[in-house]
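Have a look at the structure below before the remarks.
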Number of protein chains: 2
Amino acid sequence: MASTLKDVARLAGVSIKTVSNVVNGYPHVSAEVRRRVEAAVVQLRYRPNASARTLRTGRTGVLALVLPATHLPYADDLATAVVHAAGQRGLRVVVAHDDQPTSSGLDDVRTMPVDGILVGASGTLDEPDGPLAATGPPVVLIGGASHDQRCDQVRIDAAQAAEDATNHLLGVGRRRVAAIGVRATAAPQPGSTGYHRALRRAGLVPGPVLSAQHHRRADGYRAARDLLSGPDRPDAILCSSDPLAIGAMRAAFDVGLRVPADVAVIGIGDIEEGRYSRPTLSTVAVDTGFVAREAVARLAIRINRPDAAVADIIAPHTVLPRESTDAGTR
Amino acid sequence: MASTLKDVARLAGVSIKTVSNVVNGYPHVSAEVRRRVEAAVVQLRYRPNASARTLRTGRTGVLALVLPATHLPYADDLATAVVHAAGQRGLRVVVAHDDQPTSSGLDDVRTMPVDGILVGASGTLDEPDGPLAATGPPVVLIGGASHDQRCDQVRIDAAQAAEDATNHLLGVGRRRVAAIGVRATAAPQPGSTGYHRALRRAGLVPGPVLSAQHHRRADGYRAARDLLSGPDRPDAILCSSDPLAIGAMRAAFDVGLRVPADVAVIGIGDIEEGRYSRPTLSTVAVDTGFVAREAVARLAIRINRPDAAVADIIAPHTVLPRESTDAGTR
DNA sequence: ATGAAAGCGCTAACAC
DNA sequence: GTGTTAGCGCTTTCAT
C-alpha cells in the first residue's frame, strides 16, 4: 500500500501540515524538522497522491495533446516540440491517440484530469457544438483550418503555403500541375484556394484536384496512380502533406515514371522521412517549435483567464526545394 | 464553474447518491427518477470529476504508455495497437513522450494518476533500482531486452530475429555481412549474438559490427557511410531497426552504391515507411497486435494481483523479404 | 514555525 | 428504490 502524508507525519513525529510544507518546498521550516521529514519520505517511499492534490487545488499541471487517428502528418515532431514547450512552463504532457477516426477522443480526454487540451487537427474540426461549447478544460486547436472562431488556434496559412508550393513548381518549369488534398468537410479547402490562385496568376488552367481520405501514404499512392495513369498526365503534383507525397512518388515509380524527370512532387510538413527518401522530398516546412510554443502559451493564458480574447495565430512556413522538384534533371 | 453531483441532485430533486447511481448505470433506479436526473445532467452539463472518483475508488481506468525520446522504431504502430487493446478492456491510454534521453520520464509518469504503465524500451532499461523496485503503479516492459527479471515484459526474441535476418542475407548469396546495432548498455546485445551465430554456422567470419546511438535514420546513415567507404566493403548490412536501415540505404546511394545490387539492407520492425521507400525495405515484422494485447493483458493482471508471477512473453516475428535484399538483381 | 480542522467531489456502507 | 454519512489524501485558512 502506498504511504500517505499521515504515515510520514507519524514517522517523523510532526503534523501532516509540516510534511506538506516540506514536500512543497515551503521555506519556513526549521532545518532539523526538514531533515527528519525528508528521511521519513525516503524511508516510506512517499509519493504525493496526484488525485487528492488535484481534487484539492483544481490543478493538475498536465496538458493533453490529442492526435487524430487520421495521422497528423508531422505528429511526431509536434509531440516532441509540445512536450518541450510545456516543460519550459513546468507542465507535463500526455498524448491521447485517437482510436476512432471521429473526434470522439476529445470527449474521452475531456473527462480526464488535465488543465488544458491541445487538439492536433489533421483537417477541419467542425463539430456541431464546437470545442468551446462543451464544458471541460479549455481547448486550443493546432494546425486545423477550423472556421470555428470561438476557439483559439495556431496554424499555418494553408492557402499561402499551397500557393508558394505551386509557384515553386511553376518556377522549375512545370505547366501541368495537379493536386492531391484531404477534404475534411464540405467547406472549400484553403490549400485548393492557394493552388488555384497561383495557377490563375500564371495564366494556366488548373489541373485535376484529387481528394484523399487521410494524410497517409496509401492515400497519396492511390490518388497519384489515378492521376498518372490517365490521359493528360500532369508534370507536377502538389500534395497537401508529406505522407501523401511519399505515396505519390512511389506510385510514379510503379507506373514507370521518374521523379522529378517525368513528374515533380512536393509535399507540406517537412517530415524527416522526406530527407532520406529517394529522391529527397521537396516540401513546405512548418515551424513546429513556433507552433508548439504559441499553442502552449495560448493554452496557459486561457487556463488562467478563460475570458481572454480568442486568438488565431499564423505560423511561418518556408518552401524547401529538394530533389523531387529539381528542374536540373529535366 | 463546473457543476457537481450536488448541483444535479438539487435540480433533479433527489439525493446525490441517486444521481451517482444513474451516472454509473446502477440498475435499480425508477424510470421516472432516471429521466429527471438525466435531464438535469444534460442541462447542467455535468461531467464527473475524475480526480474525486479516483481518490475514492483508487482506480483511474487509464494506462500510460511511455515512449523513449530515443524514438522507438515502431512507436506509431505500437501506440495504435495498445490504444486498441486497452479499449477492448474499457481502459484508456495516455502516451508520455519522454523529453529526455534518460528514462526520467518514467518517474514523471509514476506520479500521474494511472493504473499501470507500459514502458516501450528501445534498448535495455537497466536502472539501478529497476522499474519494480520503486513504488507506484505496476510496470510492464515492451520490446526491451531488459535482464531485469523482476518486471513483466513482452518482446521478440532479438537474437533469433537477428539470426533469421542474417540467414536471409546469406540465403540471397551475400557473404560479407556487416551489422549496425544500438548498444544501450554494456551488456552484450542479443541481436549481435544471433548475428554471430548465423555466420558461425555458415562458416563465415563476422563482418564489422557498428554501434549506433539511437534508432534513428541519421544514426544508420552515419554508421553505414563508415561501413561502406572503408576497405573490405560489406555486401550486406543487418540493421537492428528499420529507421537505421532507411538511413543506411540513403548512405549507400550517397556513396554511389546500388541497393540491393551492391549492398543488401535489412531492418527490423516493419514500419510503414519501408513499404514505400525505394527500394522497399526487407525487414523482420513484429506482431504488434500480439505485443500490445499481451502487454495490456499482463498489466491488467498485475494491477489486480500485484503478486502474480513475473512473465516474460516472446512475440512471434517473420522475415519479410522485399526489394532491398532481392537476390535477382545481383 | 508548527498544529488542528475543514472540505475539494465522489463512492461505498448502511439505514430506511 | 432512495437518502445519510463517512472518508479517500491533500492543501488551506486559522490558531497558537
Side-chain angles (χ1 to χ4, degrees), chain A residues 1-41 44-62 90 110-115 135-137, chain B residues 1-41 44-62 90 110-115 135-137:
Chain A
M1 196 48 204
S3 43
T4 73
L5 272 191
K6 216 194 288 189
D7 301 325
V8 177
R10 197 180 316 124
L11 180 60
V14 297
S15 81
I16 64 169
K17 172 65 199 321
T18 302
V19 179
S20 177
N21 282 343
V22 171
V23 169
N24 294 344
Y26 185 71
H28 303 294
V29 182
S30 74
E32 160 60 12
V33 168
R34 155 160 287 131
R35 204 193 48 68
R36 281 215 320 271
V37 170
E38 278 166 352
V41 163
L44 293 178
R45 291 208 169 111
Y46 169 74
R47 306 185 77 83
N49 180 311
S51 297
R53 193 175 263 182
T54 296
L55 179 57
R56 188 59 240 244
T57 63
R59 279 287 200 283
T60 64
V62 177
R110 269 238 182 66
T111 71
M112 294 192 31
V114 297
D115 292 340
T135 65
Chain B
M1 197 49 205
S3 43
T4 74
L5 273 191
K6 217 194 291 190
D7 300 327
V8 177
R10 196 179 317 122
L11 180 60
V14 297
S15 81
I16 64 168
K17 173 64 197 324
T18 301
V19 179
S20 177
N21 283 342
V22 171
V23 169
N24 294 342
Y26 184 71
H28 302 295
V29 183
S30 75
E32 160 60 11
V33 168
R34 157 161 284 131
R35 204 194 46 69
R36 281 216 318 270
V37 169
E38 278 166 350
V41 164
L44 294 178
R45 291 209 169 107
Y46 168 75
R47 307 184 77 84
N49 180 314
S51 297
R53 191 175 266 181
T54 296
L55 180 57
R56 188 60 240 246
T57 62
R59 279 289 200 280
T60 64
V62 177
R110 269 237 184 67
T111 71
M112 295 192 34
V114 297
D115 292 340
T135 65

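In what follows, every chain begins at residue 1, and chains take the letters A, B, ... in the order their sequences are listed. No hydrogens, no waters, no symmetry mates; every other heavy atom, side chains included, goes into these values.
- One atom, CZ of Arg34(A), and another, C1' of dA1(C), lie 12 Å apart when rounded to the nearest Å.
- Between the C1' atom of dG7(C) and the CG atom of Asn49(B) lies a distance of 14 Å, rounded to the nearest Å.
- Ser3(B) places a side-chain N or O within 3.5 Å of a backbone atom of Leu44(B) that can act as its donor or acceptor partner.
- Listed for the Arg36(B) side chain is a donor-acceptor partner under 3.5 Å among the backbone atoms of Ala12(B).
- Between Glu32(A) and Arg35(A), at least one side-chain N (NZ, or NE/NH1/NH2) sits under 4.0 Å from a carboxylate O, which counts as a salt bridge.
- Taking only side-chain atoms of Asn21(B), from C-beta outward, the nucleotide of dT4(D), dT2(D), dG9(C) with the closest atom is dT2(D).
- Per the geometry, CZ belonging to Arg10(A) stands 12 Å off P belonging to dG9(D), to the nearest Å.
- Straight-line distance from the CE atom of Met112(B) to the C1' atom of dG9(D): 18 Å, rounded to whole Å.
- Taking 4.0 angstrom as the limit, Ser30(B) places a side-chain polar atom (N or O) nearer than this to OP1 or OP2 of dT2(D).
- Nucleotide dC8(D) holds its P atom 19 Å from the CG atom of Leu5(B), rounded to whole Å.
- Here dT2(C) is the nucleotide among dT2(C), dT11(C), dT12(D) with the atom lying nearest to any side-chain atom of Tyr26(A).
- Distances shown here put every side-chain N or O of Ser15(B) at or beyond 4.0 Å from the OP1 or OP2 atom of dT2(D).
- With sequence neighbours excluded, the residues forming a salt bridge (charged side-chain N to carboxylate O under 4.0 Å, His left out) with Asp7(A) are Arg10(A), listed by chain and number.
- A side-chain donor-acceptor contact under 3.5 Å links Asp115(A) to the backbone of Thr60(A).
- A straight line from CG of Leu55(B) to P of dC8(C) spans 13 Å, rounded to a whole angstrom.
- Proximity note for His28(A) (side chain, C-beta onward) versus dG3(C), dA1(C), dG9(C): the nearest is dA1(C).
- Between the CZ atom of Arg36(A) and the P atom of dT2(C) there is a distance of 9 Å, rounded to whole Å.
- Considering only side-chain N and O atoms, Asn24(B) lies under 4.0 angstrom from the phosphate OP1 or OP2 of dT11(C).
- Sequence order on DNA chain C of the closest nucleotides to Thr18(A) and Arg56(B) puts Thr18(A) first from the 5' end.
- Rounding to whole angstrom units, CZ of residue Arg53(B) and P of dG7(D) are separated by 22 Å.
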